[in-house]
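Excluded from the calculations below are hydrogen atoms, water molecules and symmetry mates; all remaining heavy atoms, backbone and side chain alike, are included.
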Amino acid sequence: MGNLIKVLTRDIDHNAAHFFLDFENAQPSESEKAVYNQVNVVLKDAEGILDHLQSYRGAGHEIREAIQHATDEKLQEKAWAAVVPLVGKLKKFYEFSQRLEAALRGLLGALTSTPYSPTQHLEREQALAKQFAEILHFTLRFDELKMTNPAIQNDFSYYRRTLSRMRINNVPAEGENEVNNELANRMSLFYAEATPMLKTLSDATTKFVSENKNLPIENTTDCLSTMASVCRVMLETPEYRSRFTNEETVSFCLRVMVGVIILYDHVHPVGAFAKTSKIDMKGCIKVLKEQPPNSVEGLLNALRYTTKHLNDETTSKQIKTMLQ
């Protein structure tokens, strides 16, 4: 992540709450360790998942050859042999999304529980706040890579079509043990999303709120808006930004900010774009627009296409214009 990230959240919740969030060096206290250790097991695998996704090249050539020469059995076998191990990778990515969802729900439970306010939680449990940020950072990186790799859906579509044809012809499929029909249906829905990992987390956050009716919804939304404010202040204040020693720190903060905005927009009844929102959306969009366009286009698209309330009548024309 680069250099130490500490930010004074001086403008949160209109209470001028003052505390530092250390996204890099925070260590878990005894009370945090149980949740921290569970989440850490998941996060340890995150970088490997991204490496595999980044190196995913697909079987486009073999598939095209097989389709163009439909009667050539050797080309059919070659395409199938190329696709099966790739679908094994896609299965691992999907299964990791389920583990990440469980990790997020554990963190939300810890960071929103009574008797502390969300701001107090973030101040007291900085190691968990750091993990929450790391999950969002991973999620946006995963989705950016997925959106720019059409081979993923092409490979999986070919796999499903071929598997269906093999079943009709009673041909045994070696890959069937890898991905059965029920799992293939779930994976298909997952990869059909423009930003599948973010959709998984949005759904998990919404489900967390609906299942914990005894917990005020503000406990969750204030946690998210506080995180968004932390990142915005860090990025727009020269005093803090000057501490960054590399662009990774900037991209980390940008991704986390966008991730919590999207989660907030899905969970809060009126969303992140309304005047009553505790997130300064104009300030957040302004920060994004100040970055090199090629580095933030994916994040701006995430706000445009994966939020819930952007096109509501309550969203100001200025915000809509800023995101056009």
Show which side-chain atoms of residues 262-273 pair as donor or acceptor with protein atoms under 3.5 Å away, not counting sequence neighbours.
residue: Tyr264; atom: OH; partner: Lys278; partner atom: N; Å: 3.3
residue: Asp265; atom: OD1; partner: Ala272; partner atom: N; Å: 2.7
residue: Asp265; atom: OD2; partner: Lys308; partner atom: N; Å: 2.5
residue: Asp265; atom: OD2; partner: His309; partner atom: N; Å: 2.8
residue: His266; atom: NE2; partner: Thr306; partner atom: O; Å: 2.7
residue: His268; atom: ND1; partner: Val270; partner atom: N; Å: 3.2

Legend entry - Side chains of Leu300 and Val258 in contact at under 4.5 Å (non-hydrogen atoms): no
Legend entry - Spatial distance of atom CD (Gln131) from atom CD (Gln38) [nearest 0.5 Å]: 10.0 Å
Inset, instruction - Nearest 0.5 Å please: distance from the CG atom of Leu299 over to the CE atom of Met257. - result: 8.0 Å
Legend entry - Sidechain N-carboxylate O distance under 4.0 Å for Glu95, Lys92: no
Inset, instruction - Taking Asp280 for its side chain and Gly283 for its backbone only, find out whether a donor-acceptor pair lies under 3.5 Å. - result: yes
Legend entry - Sequence-distant partners of Glu297, salt bridge (charged side-chain N to carboxylate O under 4.0 Å, His left out), two or more places apart: Arg304
Inset, instruction - Answer yes if the side chains of Asn185 and Arg160 hold a donor-acceptor pair under 3.5 Å, and no otherwise. - result: yes
Inset, instruction - Search all heavy atoms of Asn311 against all heavy atoms of Lys320 and return the closest pair with its distance. - result: O-NZ, 3.8 Å
Inset, instruction - Would you check if the side chain of Asn212 reaches a backbone N or O of Leu215 as a donor-acceptor pair within less than 3.5 Å? - result: no
Legend entry - side-chain contact (heavy atoms from CB on, under 4.5 Å) between Val83 and Thr162, intermediate numbers included: CA-CA 10 Å; Val83 164; Thr162 306; over 6 Å; no
Legend entry - Interatomic distance, Ser97 atom OG to Tyr191 atom OH [nearest 0.5 angstrom]: 7.5 Å
Legend entry - Nearest heavy atoms of Lys282 and Gln318, plus distance in Å: NZ-OE1, 3.0 Å
Inset, instruction - Might you work through the side-chain contact (heavy atoms from CB on, under 4.5 Å) test for Val42 and Phe96, ending with a clear yes or no? - result: CA-CA 8 Å; Val42 178; Phe96 187 76; 3.8 Å; yes
Legend entry - Contacts of Ser31 that satisfy side chain to side chain donor-acceptor pair (under 3.5 Å) - sequence neighbours left out: Ser29
Inset, instruction - Any pair with a residue in residues 35-61 that passes ring-ring contact (aromatic ring centres under 6.0 Å, His included), sequence neighbours left out, goes on the list, sorted by first then second residue, please. - result: none
Legend entry - Donor-acceptor contact below 3.5 Å, side chain Glu193 vs main chain Leu189: no
Legend entry - For Glu182, salt bridge (charged side-chain N to carboxylate O under 4.0 Å, His left out) partners two or more places apart: Arg186
Inset, instruction - Would you name the heavy atoms of Ile135 and Ala103 that are closest together and state the gap between them? - result: CD1-CB, 4.1 Å
Legend entry - Donor-acceptor contact below 3.5 Å, side chain Asp312 vs main chain Thr314: no
Legend entry - Residue pair Ile279 / Cys284, side-chain heavy-atom distance below 4.5 Å: yes
Inset, instruction - Apply side-chain contact (heavy atoms from CB on, under 4.5 Å) to Leu108 and Phe132, showing your working. - result: CA-CA 8 Å; Leu108 284 172; Phe132 188 63; 4.2 Å; yes
Legend entry - Check: Ser295 side chain, Pro292 main-chain N or O, donor-acceptor pair, under 3.5 Å: yes
Inset, instruction - Indicate, with yes or no, if Tyr158 and Leu75 share a hydrophobic cluster defined by side-chain heavy-atom contacts under 4.5 Å among Ile, Leu, Val, Met, Phe, Trp and Tyr. - result: no
Legend entry - Rounded distance (nearest 0.5 Å) linking atom NZ of Lys213 with atom CD of Glu211: 8.5 Å
Inset, instruction - Establish whether Ile67 and Leu163 are linked, either directly or via other cluster members, by ILVMFWY side-chain heavy-atom contacts under 4.5 Å. - result: yes
Inset, instruction - Check whether Met147 and Ile49 end up in the same hydrophobic cluster, where Ile, Leu, Val, Met, Phe, Trp and Tyr are linked by side-chain heavy atoms less than 4.5 Å apart. - result: no
Inset, instruction - Identify, with sequence neighbours excluded, every residue that meets side chain to side chain donor-acceptor pair (under 3.5 Å) alongside Asp203. - result: Lys199
Inset, instruction - Give a yes or no on whether the backbone of Lys317 and the side-chain of Thr321 come within a donor-acceptor separation of less than 3.5 Å. - result: yes
Legend entry - Pairs involving residues 71-83, ordered by first then second residue, that meet salt bridge (charged side-chain N to carboxylate O under 4.0 Å, His left out) (sequence neighbours left out): none
Legend entry - Exercise: identify the closest heavy-atom pair between Val256 and Cys231: CG1-SG, 3.7 Å
Inset, instruction - Determine yes or no for a side-chain-to-main-chain donor-acceptor pair under 3.5 angstrom, with Ser202 supplying the side chain and Leu198 the backbone. - result: yes
Legend entry - Main-chain N/O of Ala66 paired with Gln76 side-chain donor or acceptor, under 3.5 Å: yes
Inset, instruction - With rounding to the nearest 0.5 Å, note down the distance linking CG in Leu136 to CD in Glu134. - result: 10.5 Å
Legend entry - Side chain to side chain, Leu288 and Leu303, heavy atoms closer than 4.5 Å: yes
Legend entry - pair Val230-Met234: side-chain heavy atoms closer than 4.5 Å: yes
Legend entry - Interatomic spacing from CG in Asn149 to CD in Gln54 - rounded to 0.5 Å: 10.5 Å
Inset, instruction - Using the side-chain contact (heavy atoms from CB on, under 4.5 Å) rule, take Met197 and Leu100 through it: C-alpha gap first, then chi angles, then the decisive distance, then the call. - result: CA-CA 9 Å; Met197 209 61 81; Leu100 203 68; 4.1 Å; yes
Legend entry - For Glu290, all residues meeting side chain to side chain donor-acceptor pair (under 3.5 Å), sequence neighbours excluded: Lys286
Inset, instruction - Keeping to residues at least two apart or across chains, list the ring-ring contact (aromatic ring centres under 6.0 Å, His included) pairs with something in residues 203-229. - result: none
Inset, instruction - Measure from the ring center of Phe156 to the ring center of Tyr94 and say whether it is less than 6.0 Å. - result: no
Inset, instruction - Spell out, as yes or no, whether a donor-acceptor pair under 3.5 Å connects the side chain of Ser210 to the backbone of Lys207. - result: yes
Legend entry - Tyr159 and Trp80 aromatic centres sub-6.0 Å: yes
Inset, instruction - Tell me, please, which residues at least two apart from Gln98 pass side chain to side chain donor-acceptor pair (under 3.5 Å). - result: none
Inset, instruction - Among residues two or more places apart or on two chains, list those pairs meeting salt bridge (charged side-chain N to carboxylate O under 4.0 Å, His left out) that have a residue in residues 137-158. - result: Glu47-Arg141, Glu144-Arg255
Legend entry - Ring geometry between His137 and Phe252 (parallel below 30°, tilted from 30 to 60°, perpendicular above 60°): tilted
Inset, instruction - Inspect the contact between Glu125 and Lys130 and indicate whether a charged nitrogen and a carboxylate oxygen are less than 4.0 angstrom apart. - result: no
Legend entry - 4.5 Å side-chain heavy-atom contact, Leu90 and Leu86: no
Inset, instruction - Apply salt bridge (charged side-chain N to carboxylate O under 4.0 Å, His left out) to Arg124 and list each qualifying residue two or more places apart in sequence or on a separate chain. - result: none
Inset, instruction - Answer whether the closest heavy-atom distance between the side chains of Met281 and Ile261 falls below 4.5 Å. - result: yes
Legend entry - same_hphob_cluster(Ile217, Leu104) at 4.5 Å side-chain heavy-atom cutoff: yes
